[in-house]
Amino acid sequence: MLENYSSVTEFYLLGFPGSKELHNILFATFFFFYSVTLIGNMVIILTVCVDKRLQSPMYFFLGHLSVLEILTTSVAVPLMLWGLLLPGMQAVSLSACCVQLYLYLSLGTSELLLIGAMAVDRYVAVCNPLRYTIIMNSHTCLWVVIVSWVFGFLFEIWPVYATFHLRFCKSNVLDHFYCDRGQLLKLSCDNSLFTEFILFLMAVFIIVGSMIPTIVSYTCIVSTILKIPSGSGRRKAFSTCASHFTFVVIGYGSCLFLFVKPKQTQAAEYNRVASLMVLVVNPFLNPFIFTLRNDKFIEAFRNVMKRCYQLLKD
């Protein structure tokens, strides 16, 4: 179906400029980041699933966030690593390019919605603790996660269809390490200004739309924390939100730089750096942000390790 609208059947990814030595350094660096991302997020998922003390909405959402982080980074990073090992450009079929872009955008959209839901969860926990278990019950949490996943995959159908509905006849070389939408639009010989504007509005709708409940939630949280008379009480209340707030700042900052821009066909260097933040750095930081200063999770992880050791010993 895609071939009916395009004169190309495959694309070539330029990847990263530089010498072979630089590519080897980049490969080692990104491979380390990717390995830590997989191990760290899988540890979070395993610990949340096994330890009963982590059976709460916050950790339920965190488990799904870790799944999304693993899938998002796995959509592009293995291909990027393979490209760093190969001399010259990397060939990607039109269909594979379409699937990669769709998965990348869909998973990213689902993640933003889940981050917004986690902010609301923290708001209820801090500002309305007596009704927390009633409001954030298992039924509500399950539906929030289902809606986040389903909406993300449905919402990105048209943007990807509109992108690959264009005719690509200028070239088939993408100046990127994955099938970036901005670079694809650059290769179109159709007038894509209207399509770019609609894509810009849709990006604004998702990112800003998920930011609104996050901003409102944290405004109320800060206001409530400041009213707590004791310093220890304020620190304890803030500690329940600090990790998520840090992730929100990094995550939304990267997405705003990458997606919310009227002109999708920006400089390749800019897009490469912003994409690395979203695909490599953010998923790498996620396990550290949510676990390093979380005593409850660390204790649960130790118990899981002890249980695993006992099973192996027996």
Side-chain angles (χ1 to χ4, degrees), residues 1-14 67-68 71-80 90-116 145-210 254-266 268 270-272 274-275 278-279:
M1 178 179 171
L2 294 172
E3 286 147 5
N4 295 336
Y5 302 105
S6 176
S7 57
V8 300
T9 57
E10 64 180 5
F11 294 102
Y12 290 92
L13 306 178
L14 283 180
V67 173
L68 284 167
L71 293 176
T72 300
T73 192
S74 297
V75 164
V77 173
L79 185 68
M80 176 186 72
Q90 189 175 12
V92 180
S93 69
L94 185 69
S95 299
C97 198
C98 178
V99 170
Q100 186 188 54
L101 181 62
Y102 174 67
L103 290 175
Y104 171 59
L105 294 176
S106 299
L107 292 166
T109 300
S110 297
E111 185 172 327
L112 288 174
L113 295 176
L114 191 58
I115 291 172
V145 166
I146 291 173
V147 169
S148 298
W149 280 90
V150 173
F151 183 84
F153 278 82
L154 291 179
F155 186 81
E156 294 298 341
I157 291 175
W158 186 87
V160 174
Y161 171 78
T163 301
F164 285 92
H165 191 76
L166 301 169
R167 290 179 298 118
F168 304 107
C169 56
K170 290 182 180 178
S171 173
N172 65 341
V173 177
L174 296 173
D175 192 3
H176 216 296
F177 59 82
Y178 79 103
C179 293
D180 176 63
R181 184 166 62 191
Q183 293 300 309
L184 286 167
L185 293 172
K186 236 179 188 179
L187 302 184
S188 172
C189 48
D190 297 328
N191 187 350
S192 62
L193 287 177
F194 178 74
T195 301
E196 288 185 48
F197 180 66
I198 297 299
L199 294 175
F200 166 71
L201 291 181
M202 293 183 75
V204 170
F205 173 76
I206 286 296
I207 297 177
V208 177
S210 62
S254 304
C255 288
L256 286 170
F257 276 115
L258 186 58
F259 294 115
V260 182
K261 50 183 186 285
K263 190 67 177 174
Q264 293 283 330
T265 55
Q266 271 189 324
Y270 175 97
N271 278 344
R272 256 194 293 266
S275 297
V278 173
L279 287 165

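This is a predicted model, so every value here is computed, not measured.
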Side chain to side chain, Leu185 and Leu166, heavy atoms closer than 4.5 Å: yes
So do Leu184 and Cys97 actually touch side chain to side chain, heavy atoms under 4.5 Å? yes
List the atom of Glu156, the atom of Arg181, and the distance in Å for their closest heavy-atom pair. OE1-NH1, 4.5 Å
Can you tell me how far CG of Leu107 sits from OG1 of Thr72, rounded to the nearest 0.5 angstrom? 4.5 Å
Side chain to side chain contact (heavy atoms under 4.5 Å, CB included), that's the test. Do Phe11 and Gln183 meet it? Break it down for me. CA-CA 11 Å; Phe11 294 102; Gln183 293 300 309; over 6 Å; no
Taking all non-hydrogen atoms of both residues into account, name the closest pair between Val75 and Gln100 and its distance. O-NE2, 3.2 Å
On the 0 to 90° scale, with breaks at 30° and 60°, tag the Trp149-Phe153 ring pair as parallel, tilted or perpendicular. parallel
How far apart are the C-alpha atoms of Val160 and Phe164, what are their side-chain angles, what is the distance that settles it, and do they pass the side chain to side chain contact (heavy atoms under 4.5 Å, CB included) test? CA-CA 6 Å; Val160 174; Phe164 285 92; 3.9 Å; yes
Answer whether the closest heavy-atom distance between the side chains of Tyr178 and Met80 falls below 4.5 Å. no
Derivation and outcome, side chain to side chain contact (heavy atoms under 4.5 Å, CB included), residues Leu174 and Val92: CA-CA 10 Å; Leu174 296 173; Val92 180; over 6 Å; no
Residues two or more places apart in sequence or in another chain: which of them pass side chain to side chain contact (heavy atoms under 4.5 Å, CB included) with Ser210? Leu112, Tyr252
Which word best sums up how the rings of Phe205 and Phe151 line up, parallel for under 30°, tilted for 30 to 60°, or perpendicular for over 60°? tilted
Would Cys169 and Cys189 count as a disulfide pair, i.e. SG atoms separated by less than 2.5 Å? yes
Mind listing the closest non-hydrogen atom pair of Thr195 and Ala162 along with its distance? CG2-CB, 4.1 Å
Let me confirm one number: the CG-CG distance from Leu199 to Leu105, rounded to the nearest 0.5 Å. 9.0 Å
Kindly check if the number of other-residue, nucleotide or ligand heavy atoms within 6.0 Å of OH (Tyr12) is above 12? no
Under a 3.5 Å distance rule, please check whether Thr73 uses its side chain to pair with a backbone N or O of Leu279 as donor and acceptor. yes
How far apart are the closest heavy atoms of Ser148 and Ser110, and which atoms are they? O-OG, 2.9 Å
Side chain to side chain contact (heavy atoms under 4.5 Å, CB included) between Asp175 and Arg272, worked out: CA-CA 9 Å; Asp175 192 3; Arg272 256 194 293 266; 3.1 Å; yes
Within the structure provided, determine whether Leu113 and Val147 are in side-chain contact (heavy-atom separation under 4.5 Å). no
Mind checking side-chain hydrogen bond (donor to acceptor under 3.5 Å, both in side chains) for Ser188 and listing every partner two or more places apart, or none if nothing turns up? none
Can you find a heavy atom in the side chain of Phe177 that is under 4.5 Å from one in the side chain of Leu79? no
Non-hydrogen side-chain atoms of Thr9 and Phe168 separated by less than 4.5 Å: no
I need the Ser106 OG to Ile157 CD1 distance, nearest 0.5 Å. 7.5 Å
